[in-house]
2 protein chains.
Amino acid sequence: MPVIIPAGTTANPRAKTSGKSSAKSAANPPKVTIEVVAKRAGVSKGLVSFALNNRPGVAPETRVRILQVAKELGWKPSLRARSLSTQRSYALGLVIARNPDVLASDPFFPSFIAGVESILAPEGRALVLSVVPDEETELRTYRSLVADGRVDGVFLSDLRHGDPRIPLLAGLGLPAVTLGRPDGPSPFPAVTVDDTPGVMASVAHLVALGHRRIAHVAGSSTLLHGSRRSGAFTSALREAGLPEGQTVETDFSVAAGSDATRRLLTQDTPPTAIVYANDPMAIAGLGMAHELGVRVPDDLSITGYDDIDFCRYVYPPLTTVSAAPMVWGRAAASTLLALMENGSANDVDLPAARLVIRGSTAPSRG
Amino acid sequence: MPVIIPAGTTANPRAKTSGKSSAKSAANPPKVTIEVVAKRAGVSKGLVSFALNNRPGVAPETRVRILQVAKELGWKPSLRARSLSTQRSYALGLVIARNPDVLASDPFFPSFIAGVESILAPEGRALVLSVVPDEETELRTYRSLVADGRVDGVFLSDLRHGDPRIPLLAGLGLPAVTLGRPDGPSPFPAVTVDDTPGVMASVAHLVALGHRRIAHVAGSSTLLHGSRRSGAFTSALREAGLPEGQTVETDFSVAAGSDATRRLLTQDTPPTAIVYANDPMAIAGLGMAHELGVRVPDDLSITGYDDIDFCRYVYPPLTTVSAAPMVWGRAAASTLLALMENGSANDVDLPAARLVIRGSTAPSRG
DNA sequence: TAGCCTTTCTAAACCGGTTCAGGTTTGGTC
DNA sequence: GACCAAACCTGAACCGGTTTAGAAAGGCTA
């Protein structure tokens with residue numbers, strides 16, 4: 001039963017500093033506050049604050065002296081005090097509303113977050129993460145993040161049709177950045193990776209290989225990128241002059257991808273190619289094809305979306321569309337910071353995801 | 001170029017409330033602070049605080065009245081003010097030091113975090129997440145989380161040999177919980193899922209199937225669970241009376257798992273079974289076996305570790321060891337909260353991970 | 001030399017809670 | 001009725017910054 005004894009200064013915030021300036025015993029390193037710096041520099045608290053946040057009205061030499069003293073004493077302004085005073089938290093939020101299973105098999109967020117962090121950390125901002133099971137909890141979470149003043153801005157991922165979070169956040173006055181362009185009006189800047197070209201390229205690639213019966217295992221249509229990918233699929237077929245292809249809607253989960261594949265392949269005239277809306281489903285589809293004795297890519301070509309690490313190492317390696325979640329995270333973080341700094345920020349369009357051709361696609365024999 | 005106009009009350013913290021009690025226009029909903037509640041309830045601020053934090057010394061009826069008024073006015077104490085005053089942040093931290101690639105293919109953290117959240121959210125605590133690229137940054141991150149008072153406690157994952165974070169955090173006086181038992185002295189409670197039995201069971205299972213040449217694709221030996229798993233592998237072989245097996249050390253990445261598999265299978269007398277230290281590597285191994293024309297499970301049996309969602313849907317489905325990261329997250333969060341509450345907490349031993357037998361293992365023909 | 005800006009700086013209010021020393025009641029005991 | 005302790009409550013200090021009103025000093029103009 002380990003016992004934790006809080007360290008020196010943290011112990012009791014209200015602890016009297018025993019006596020007056022009691023012998024400078026090496027006991028409690030006295031906390032360095034703005035007061036101490038001010039006294040030592042022979043100026044008032046206020047002026048130290050001004051010097052720190054370099055605002056006008058401080059004589060140049062005075063400013064230098066103050067900063068010098070601050071450095072000597074190793075003073076770092078207290079984030080908490082500053083938070084109370086400025087009504088800001090210097091942290092950003094990310095709320096992920098996903099079934100843990102789906103989340104677990106989708107490597108998007110870890111990479112995205114790594115990208116976000118690479119921008120936030122040097123700025124001294126933190127990321128507050130929430131993972132919630134459903135939409136209701138999600139909205140409640142946003143409300144309480146705001147009510148508690150935990151964050152100064154948020155990232156909006158997994159955009160949905162008529163996304164309720166947008167009016168909610170706009171109403172709460174919380175700055176936000178959307179990952180992708182929402183379908184309704186939005187006061188927030190959007191950081192977008194267009195996924196249409198990647199899907200269209202997949203279809204074009206398959207058509208060029210001679211495939212005519214191409215099916216699509218789509219993600220959830222309530223998710224904007226889900227429905228946009230399947231829209232792209234449909235119009236790519238049309239452009240190629242092919243009849244409408246089969247589309248099976250799923251929830252993006254591995255299990256659903258597997259099921260959908262079984263349904264498609266056990267028909268009388270199964271497709272010769274399947275375009276999946278994400279990689280995990282494509283990998284599950286690959287497994288199902290094996291199980292059914294359908295050879296990939298000989299009997300069936302498949303393509304995924306995201307280019308997760310696995311793609312290169314399954315057999316055959318997966319033809320897929322490569323987005324760059326880390327770059328996306330970086331761009332989103334920069335944009336959100338700019339928005340908070342300036343009150344406005346431009347939309348950012350990142351390079352469209354591109355098709356990476358590997359071994360899971362081959363000429364049609366159908 | 002969207003422009004965000006901060007909402008009403010958030011606008012300017014210093015904004016005078018225009019005039020005195022200027023016409024109760026529906027303009028600015030006046031902020032409800034503890035002062036307002038106190039005045040309305042006819043008591044002092046202090047007493048409201050006491051009532052809220054139900055501490056002794058408040059007459060029962062008074063307490064009820066105060067809480068009643070608070071509810072009527074919809075008062076929620078300001079987290080920021082409370083933070084400054086109590087020197088606590090009501091948030092917990094998780095710092096993940098991993099190469100983004102490895103992180104992305106490992107579903108442990110998303111599930112773990114979902115578990116953590118399920119405990120924290122109802123308690124009104126937040127999770128501050130950092131993803132950092134290397135150990136140096138990691139230690140710096142801990143220091144600054146403490147210096148900024150961002151968190152009141154942290155989770156220590158991916159324990160290493162002689163982990164430097166333990167003395168660091170002990171020195172900083174920050175409560176922590178370790179995921180697994182560290183190899184050195186630690187003042188922190190450990191929440192553990194013993195992974196030895198799972199690995200031993202894997203080996204036993206393979207031995208029972210008649211395998212004699214069993215190899216191990218291990219994770220990084222600097223990671224405690226990496227070396228423990230390979231230790232378990234070695235002693236399981238010994239117990240079975242088999243000669244020492246081949247072990248290839250990796251960094252847990254999919255790429256390394258693939259490489260290791262190629263090395264093992266292209267030898268003169270390749271193993272008839274491979275025990276992988278995690279699922280992603282096992283799945284990559286499966287792909288490599290396919291590529292080399294080695295049939296699984298006919299020519300080669302393989303086992304993984306973690307039981308990620310994919311296991312069930314690759315072909316053949318993967319025999320693996322099922323830990324329960326979500327449960328682990330829950331337990332770790334509860335333990336950390338208990339530690340912070342009471343100053344001490346007991347170690348927790350969760351049920352050991354258990355073997356799940358699927359199609360990737362079969363009797364040896366070697 | 002008075003009058004008026006500017007620049008530099010200080011003092012004090014403020015953010016919104018928590019906590020502590022001490023003041024009033026209340027009730028019980030002898 | 002005096003004394004005392006316990007219960008309840010208030011006022012003020014405190015956490016550590018930011019911000020504003022205005023004081024002090026210096027420079028310029030008329």
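Chain naming here is simple, since letters A, B, ... match the order of the sequence lines and numbering starts at 1 in each.
Contact of A:S78 with D:dG16 (side chain to base): no donor-acceptor pair of N or O atoms is detected under 3.5 Å. Evaluation of atom-type donor-acceptor distances gives a pair under 3.5 Å for the side chain of B:K45 against the base of C:dG17. One cannot find a donor-acceptor pair under 3.5 Å joining the base of D:dG16 and the side-chain atoms of A:T33.
Taking atom CG of residue B:L84 and atom C1' of nucleotide D:dA13, one finds them 13 Å apart after rounding to whole Å. Residue B:R88 contributes atom CZ, which lies 13 Å from atom C1' of C:dG17 at whole-angstrom precision. Look at CZ on A:R80: it is 18 Å from P on C:dG16, rounded to the nearest Å. Rounded to whole Å, the distance from CD on B:Q87 to P on C:dT19 is 11 Å. One can place OH of B:Y90 at 10 Å from C1' of C:dG17, the figure rounded to the nearest angstrom. A:L79 has its CG atom 11 Å from the C1' atom of D:dG17, to the nearest Å. Atom CZ of A:F50 and atom P of D:dT20 are 8 Å apart (whole Å). Rounded to whole Å, atom P of C:dA12 lies 16 Å from atom CG of A:L47.
Between B:R82 and C:dG16 there is no side-chain polar atom (N or O) within less than 4.0 angstrom of OP1 or OP2. Remark: A:S49 is in phosphate contact with D:dT18, judged by side-chain N or O atoms under 4.0 Å from OP1 or OP2. Taking only side-chain nitrogens and oxygens, B:S44 comes nearer than 4.0 Å to OP1 or OP2 of D:dT10. Residue A:W75 has no polar side-chain atom (N or O) positioned under 4.0 Å from OP1 or OP2 of D:dG16.
For B:D152 (side chain) and B:S89 (main-chain N/O), a donor-acceptor pair under 3.5 Å exists by modelled atom type. A:S83 places a side-chain N or O within donor-acceptor distance of the main-chain N or O of A:L79, the cut-off being under 3.5 Å.
Side-chain proximity of B:P60 to D:dC8, C:dG16, D:dT18: nearest is D:dC8. Listed candidates were C:dC9, D:dT18, C:dG17. Nearest to the side chain of A:A59 is C:dC9. When distances are taken from the side chain of B:T62 to each of D:dG17, D:dC8, C:dT18, the shortest belongs to D:dC8.
Atom CZ of B:R40 sits in a sparse spot, with 12 or fewer heavy atoms from other residues, nucleotides or ligands closer than 6.0 Å. Counting non-hydrogen atoms of neighbouring residues, nucleotides and ligands closer than 6.0 angstrom, the CZ atom of A:R65 exceeds 12 such neighbours.
Contact record, A:A51 with A:V58: N-CG2, 4.2 Å, taken as the closest heavy-atom pair. Closest heavy-atom contact between B:P185 and B:I166: O-CG2, 3.8 Å.
Residue contacts for A:R63: at a heavy-atom cut-off of 4.0 Å it reaches no nucleic acid atom on any strand shown. The residue A:V48 sits apart from the nucleic acid: no heavy atom pair falls under 4.0 Å. Note on B:G149: nothing from the nucleic acid sits closer than 4.0 angstrom, heavy atoms only. Note on B:V58: only backbone sugar-phosphate atoms sit closer than 4.0 angstrom, heavy atoms only; bases stay farther off.
Remark on DNA chain C: of its neighbouring residues A:G46 and B:A81, the 5'-side contact belongs to A:G46, judged by nearest-heavy-atom nucleotide.
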